[in-house]
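Start at 1 and go down the list; that is how both ligands and their atoms are numbered.
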Amino acid sequence: MGKYYGYGVRNSFGLAVDPLTGVLWDTENGDKDFDEINLAKPGFNSGWRQLMGPLSENKISVNNLVRFSGSHYSDPVFSFAPSLGVTDIQFFNSTKLGDKYANNVFVGDINHGNLYFFMLNKTRTGFVFGQNERNLMDSVANGEKELSEVTLGAGFAGITDIKTGPDGYLYILTFDEESHGAGKIYRISH
Ligand SMILES: [Ca+2]
Ligand SMILES: [Ca+2]
């Protein structure tokens, strides 16, 4: 691997470091069928352009991938089907919105203008879902109904950036193509 940190990454518009583990995560835009949220450890092979989304949803085995010595393929932590243009990912590094949100994950998209929220598992390597969210336990949001279960906010023009502000609240930057690219900054408070 030498100078390469990772490869097989497609159209990534989001990078974030988990403040509790120091591990890098990314988001990736698929060509059509899947967008991804990934844990990107050193030597990460995300699998493009052999596949997007998990191996189980593609008729392909890990042996079909380009494999450099010292690399490892990992399935996405979570995928969106179909592709909807995921953008930024942010670990909300604040307790200002309550313990539920502290150090958990926000992700935005550009096509729907949705803000997604995920709670991390104890090892901070995946997401946890409730008893009434069994159709998310395959780690894929398949279609509108499952997408709505991970959607916390909607109606943004298109989210391009998410940050924890110096005041401890969540900030969202949007891009509005119909307003000639005029952006807005939103602050999410109580
Ligand atoms: Ca991938
Ligand atoms: Ca599913």
Report whether any nitrogen, oxygen or sulfur of Asn135 sits less than 3.0 Å from the Ca ion (ligand 2) (N, O or S, backbone or side chain). yes
Please check if the side chain of Arg187 supplies one atom and the backbone of Tyr171 the other of a donor-acceptor pair under 3.5 Å. no
Do you see a donor-acceptor pair shorter than 3.5 Å between the side chains of Ser71 and Tyr7? yes
Need one value: angle at the Ca ion (ligand 2), Asp138 atom OD2 versus Val140 atom O, rounded to 10 degrees. 110°
Residues Asp31 and Arg49 bridged, charged N to O under 4.0 Å: no
Decide, counting backbone as well as side-chain atoms, whether Asn142 has an N, O or S atom less than 3.0 Å from the Ca ion (ligand 2). yes
If the condition is salt bridge (Lys or Arg N to Asp or Glu O under 4.0 Å), which residues does Asp161 pass it with, not counting sequence neighbours? Lys163
Restricting to N, O or S atoms, which atom of Glu146 is closest to the Ca ion (ligand 2)? OE1
For Tyr101 and Asn103, test the side chains for any donor-to-acceptor distance below 3.5 angstrom and give the result as yes or no. no
Would you list the protein N, O or S atoms within less than 3.0 Å of the Ca ion (ligand 1), leaving out water? Glu36 OE1, Glu36 OE2, Ser46 O, Ser46 OG
Partners passing ring pair (Phe, Tyr, Trp, His ring centres under 6.0 Å) against Tyr116 (at least two apart in sequence or in another chain): Phe80
Residues forming a salt bridge (Lys or Arg N to Asp or Glu O under 4.0 Å) with Lys145, sequence neighbours excluded: Glu149
When you measure from the side chain of Asp26 to the backbone of Leu15, do you find a donor-acceptor pair of N or O atoms at a distance under 3.5 Å? no
Can you tell me if Leu136 has an N, O or S atom under 3.0 Å away from the Ca ion (ligand 2)? no
